[in-house]
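The structure appears right after this line, and notes come after that.
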Amino acid sequence: MLSNDSGLTADVIHQVNGRDFFDAIRVKQWIKNLVVPVVGFSMLEAEAELQSSILSIVCAFCAFCLAASSIYVFNDMMDIRKDRAHPVKRFRPIASGRIGASFLCALLAVSCPSAIFLAYIASPQIMFLLLMYFIINIAYCTRLKHVAQVDIVCVGSGFTLRALTGAYAVGTQVDFWILAAVTFSCMGLAVMKRMKELQALGGSGETRPVLAQYHYETLVRAHDIFMVLALQSLLMFLHRSSQKFSNQFTIAVFMTAMSGALLVFMHRVHSEQDGDPTALIYRNKSMAALMLLSLVALFLFK
């Protein structure tokens, strides 16, 4: 997986730079795992349920953070040669050789069992979902990311599993419409990432072979369809849940804030080359503030 020139050997593991370490495990990507607590909290009916579920929610969230980081490291180890030919990825700690194989193997030996253990503490059902997440993503890293359409479904499925995990963490069944909203929106984001990669790298498939099997116009249409389905599902969830809110002003605040966030997001998607949705959130404070406002409206004023 990694060549011998990867830069660090076992006797200099302690010299790994802290910033390189956090970049390698993609700490910024942990924001995706907020799907777990957000869905879990949205399923709660009373404050007493929150107090009894907080440990499971925290353990489930931490388990998916460790699992996601493990998959990112594993994928970068598998793709090191292709990443070195990529105009951006070649600067990553693993592709550039600033972190070596010995350290990465030791990291995976700790992070994977720890993720499974935390998931088991949350509940056996969550451990099962986490194992499914590992299996799907290992298959993705080794083979399925080279199969058009299947690669996008694999990426989207990770968020469906996170949504199910949030519901299991609070001991309830996930609402159909919130599950649909999470699944469709994340499928749309996965399609958008392929759109931007195809736009930036072209369809030659030199750095990502699967791009040669995609057409940009088709991806644009698929992205728009998924986002419309996600918004419709979210509206159905809000309509069903509206009776839970003591003040209908809450729904108005949520819908207004989400509309603003969507406008900012769509503008940035079509004006920037970066297809990473988490990078868009970190760089655009206005969108992050609007999303935070919408969540506050949902959970604080129930």
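Side-chain contact between Val150 and Val153 is absent, with no heavy atoms from C-beta onward closer than 4.5 Å. Looking only at side-chain heavy atoms (C-beta outward), Ile71 and Cys141 come within less than 4.5 Å of each other. Using a 4.5 Å heavy-atom threshold, the side chains of Phe226 and Ser185 count as separate. The shortest distance between side-chain heavy atoms of Ile25 and Leu107 falls below 4.5 Å. Val73 is listed as a side-chain neighbour of Leu108, based on a closest heavy-atom distance under 4.5 Å. When side chains are defined from C-beta on, Asp76 counts as touching Arg26, because their heavy atoms get closer than 4.5 Å. Residues Met77 and Cys105 are in side-chain contact: their nearest non-hydrogen atoms beyond the backbone lie under 4.5 Å apart. Looking at Ile178 and Met43, their side chains come closer than 4.5 Å, going by heavy atoms from C-beta outward.
Evaluation of the salt bridge (charged side-chain N to carboxylate O under 4.0 Å, His left out) rule for Asp151 yields Arg194 as partners, not counting sequence neighbours. Contacts of Ser69 classified as side chain to side chain donor-acceptor pair (under 3.5 Å), with partners at least two apart in sequence or in another chain: Trp30. Applying the side-chain contact (heavy atoms from CB on, under 4.5 Å) test to Arg221 and every residue at least two apart in sequence or in another chain returns Glu217, Thr218. Looking at residues two or more places apart in sequence or on another chain, you find a side-chain contact (heavy atoms from CB on, under 4.5 Å) between Val58 and Ile54, Cys62. In terms of the side chain to side chain donor-acceptor pair (under 3.5 Å) criterion, Ser157 has no residue partners (sequence neighbours excluded). A search for side chain to side chain donor-acceptor pair (under 3.5 Å) contacts involving Gln149 returns nothing, not counting sequence neighbours. Annotation: side-chain contact (heavy atoms from CB on, under 4.5 Å) contacts of Phe91 (sequence neighbours excluded): none. Under the rule for a side chain to side chain donor-acceptor pair (under 3.5 Å), the partners of Asn33 that lie at least two apart in sequence or sit in another chain are Arg162.
Listed by first then second residue, pairs satisfying ring-ring contact (aromatic ring centres under 6.0 Å, His included) with a partner in residues 152-177 number zero, not counting sequence neighbours. Screening residues 126-146 for salt bridge (charged side-chain N to carboxylate O under 4.0 Å, His left out) gives Asp79-Lys145 as the qualifying pairs, with residues at least two apart or on separate chains. Among pairs with a residue in residues 113-133, none fulfils salt bridge (charged side-chain N to carboxylate O under 4.0 Å, His left out), at least two apart in sequence or across chains. Within the structure, ring-ring contact (aromatic ring centres under 6.0 Å, His included) pairs that include any residue of residues 109-136 comprise Phe64-Tyr133 (at least two apart or interchain).
Going from atom CG of Leu179 over to atom CG of Asp175 covers 8.5 Å, rounded to the nearest 0.5 Å. Of the inter-residue distances, the one linking Lys196 atom NZ with His223 atom NE2 reads 9.5 Å to the nearest 0.5 angstrom. For the atom pair Glu197 CD and Met192 CE, the distance stands at 10.5 Å (nearest 0.5 Å). Going from atom OG of Ser56 over to atom CD1 of Ile126 covers 6.0 Å, rounded to the nearest 0.5 Å. In this structure, Ile152 CD1 and Tyr140 OH are separated by 9.0 Å, a value rounded to the nearest 0.5 Å. Summarising the geometry, atom CD1 belonging to Ile136 is positioned 6.5 Å from atom SG belonging to Cys154; distances are rounded to the nearest 0.5 Å.
Residues Ile57 and Val35 are members of one and the same hydrophobic cluster, defined by side-chain heavy-atom contacts under 4.5 angstrom among Ile, Leu, Val, Met, Phe, Trp and Tyr. In the hydrophobic clustering of this structure, Leu104 does not group with Val110; members are Ile, Leu, Val, Met, Phe, Trp, Tyr whose side-chain heavy atoms approach within less than 4.5 Å, directly or through other members. Both Leu131 and Leu129 belong to a common hydrophobic cluster when Ile, Leu, Val, Met, Phe, Trp and Tyr are linked at side-chain heavy-atom distances under 4.5 angstrom. Leu144 and Leu161 fall into different hydrophobic clusters, where Ile, Leu, Val, Met, Phe, Trp and Tyr are joined by side-chain heavy atoms under 4.5 Å apart, directly or via other members. Connection of Val174 to Met127 is established within a shared hydrophobic cluster, with ILVMFWY side chains joined at heavy-atom distances below 4.5 Å, either directly or through further cluster members.
With hydrogens and angles disregarded, a donor-acceptor distance shorter than 3.5 Å links the side chain of Gln213 to the backbone of His146. The closest donor-acceptor contact from the side chain of Thr183 to the backbone of Ala180 lies at 3.5 Å or more, if one exists at all.
A salt bridge does not link Arg92 to Asp23: none of the charged nitrogens lies less than 4.0 Å from a carboxylate oxygen.
Residues Val39 and Ala163 share a closest heavy-atom pair of CG1-O, 3.3 Å. Of all non-hydrogen atoms in Lys32 and Tyr72, the two that sit nearest each other are NZ-OH, 3.1 Å. For the residue pair Ala63 and Leu130, the shortest heavy atom distance occurs at O-CD1, 4.0 Å. The shortest non-hydrogen separation linking Ala95 to Ile80 is CA-CG1, 4.0 Å. Nearest heavy atoms, Ala24 versus Pro93: N-CG, 4.1 Å. In terms of heavy-atom proximity, Ser111 sits nearest to Leu66 at O-CB, 4.0 Å.
Partner Val191 forms a side-chain contact (heavy atoms from CB on, under 4.5 Å) with one of Leu219, Asp224, Ile225, Val220 and no other, that one being Leu219.
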(request) Evaluate side-chain contact (heavy atoms from CB on, under 4.5 Å) for Phe61 paired with Cys65, printing each intermediate quantity in order. (result) CA-CA 6 Å; Phe61 172 77; Cys65 287; 3.6 Å; yes
(message) Is there a side-chain contact (heavy atoms from CB on, under 4.5 Å) between Val147 and Val210? Walk through the geometry before answering.
(response) CA-CA 6 Å; Val147 183; Val210 74; 5.9 Å; no
